[in-house]
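Below: one structure, written as structure tokens.
All of these numbers come straight from a predicted model, not from anything done at the bench. This chain uses plain numbering: 1 for the first residue, then up along the sequence.
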Amino acid sequence: QKQLVESGGGLVQSGGSLRLSCAASGLSLDYYAIAWFRHAPGKLREGVSCITSSRDERTFYADSVKGRFTISRDNAKNTVYLQMNVLEPEDTAVYYCAADDQVPLPWNIATLGWDDAWGQGTQVTVSS
């Protein structure tokens, strides 16, 4: 059974940092594209960042997080990370990771692809 588990969320002050982890079981993440989405109350689920499979690794970011967030992969740990720096209150949301063996295009639409697995989410709260 393919499973993703997020961790690393929490409460942080504006300007602070967090590192989210997306640990996989039942699938080898180096063969999958992984995306981070976030869902804030009253807003649509938003694509935050994506990393393609190790075959041709590329990374993508939403404009709102470019220069602040970094996505990376550790194949030995079967884990994808999202390093989030200079956090802002607008980053407050539940963050989810999702996997697909073919990166959907566009990558940032949660309902287009991302069929293989979703995590349960981790809450990130940024106080002003």
(message) Applying a strict under-4.5 Å side-chain criterion to I, L, V, M, F, W and Y, I'd like to know whether Val12 and Val65 cluster together.
(response) yes
(message) With side chain to side chain contact (heavy atoms under 4.5 Å, CB included) as the criterion, how do Val126 and Leu18 come out once you've worked through the C-alpha distance, each side chain's angles and the decisive distance to 0.1 Å?
(response) CA-CA 10 Å; Val126 184; Leu18 286 173; over 6 Å; no
(message) Testing the basics here: between Tyr96 and Gly119, what is the closest heavy-atom pair and its distance to 0.1 Å?
(response) CD2-O, 3.6 Å
(request) Run the numbers on Tyr81 and Asp74 for side chain to side chain contact (heavy atoms under 4.5 Å, CB included), then give the verdict. (result) CA-CA 8 Å; Tyr81 301 99; Asp74 186 334; 3.8 Å; yes
(message) Between Pro106 and Leu112, is there a side-chain heavy-atom distance shorter than 4.5 Å?
(response) yes
(request) Hey, could you give me the OH/OG distance between Tyr32 and Ser54, rounded to the nearest 0.5 Å? (result) 12.5 Å
(request) Taking all non-hydrogen atoms of both residues into account, name the closest pair between Asp100 and Asp115 and its distance. (result) OD2-N, 3.1 Å
(message) I'd like to know if the side chain of Trp114 and the backbone of Cys97 have a donor-acceptor N/O pair within less than 3.5 Å.
(response) no
(message) Run Asp101 and Tyr31 through side chain to side chain contact (heavy atoms under 4.5 Å, CB included) and show every step you take.
(response) CA-CA 7 Å; Asp101 61 354; Tyr31 295 111; over 6 Å; no
(request) Might you point out which heavy atoms bring Gln120 and Leu4 nearest each other, and give the distance in Å? (result) OE1-O, 3.7 Å
(request) List for me each residue that meets side chain to side chain contact (heavy atoms under 4.5 Å, CB included) alongside Asp56, sequence neighbours excluded, and say none if there are none. (result) Thr52, Ser53, Arg58
(request) Check Cys50 against Ile71 and note the closest heavy-atom contact, atom names and distance. (result) C-CD1, 3.8 Å
(message) Nearest 0.5 Å, please: how far is CD1 in Ile34 from OG1 in Thr59?
(response) 14.0 Å
(message) Within this structure, what is the OG1-OH distance for the pair Thr70 and Tyr61, rounded to the nearest 0.5 Å?
(response) 4.5 Å
(message) Minimum heavy-atom separation for Ile51 and Arg73, please, with both atom names.
(response) CG1-NH2, 3.7 Å
(message) When you group the ILVMFWY residues by side-chain heavy-atom contacts below 4.5 Å and let the links chain together, are Val94 and Trp118 in the same group?
(response) yes
(request) Give the minimum heavy-atom separation between Gly47 and Ala62, together with the two atoms involved. (result) O-CB, 3.4 Å
(message) Is there a side chain to side chain contact (heavy atoms under 4.5 Å, CB included) between Leu87 and Phe69? Walk through the geometry before answering.
(response) CA-CA 9 Å; Leu87 282 162; Phe69 290 12; 3.9 Å; yes
(request) Would you mind reporting whether Glu46 and Ser64 have side-chain heavy atoms less than 4.5 Å apart? (result) yes
(request) Under the side chain to side chain contact (heavy atoms under 4.5 Å, CB included) rule, collect the residues that match up with Thr122, sequence neighbours excluded. (result) Glu6, Leu20, Tyr95
(request) Any pair with a residue in residues 7-19 that passes side-chain hydrogen bond (donor to acceptor under 3.5 Å, both in side chains), sequence neighbours left out, goes on the list, sorted by first then second residue, please. (result) Ser17-Asn85
(message) Nearest 0.5 Å, please: how far is CZ in Arg55 from CG in Asp30?
(response) 9.0 Å
(message) Nearest 0.5 angstrom please: Arg38 CZ to Glu90 CD, how far?
(response) 9.0 Å
(message) Check whether Asn78 reaches the backbone of Leu27 with its side chain - one donor and one acceptor, N or O, closer than 3.5 Å.
(response) yes
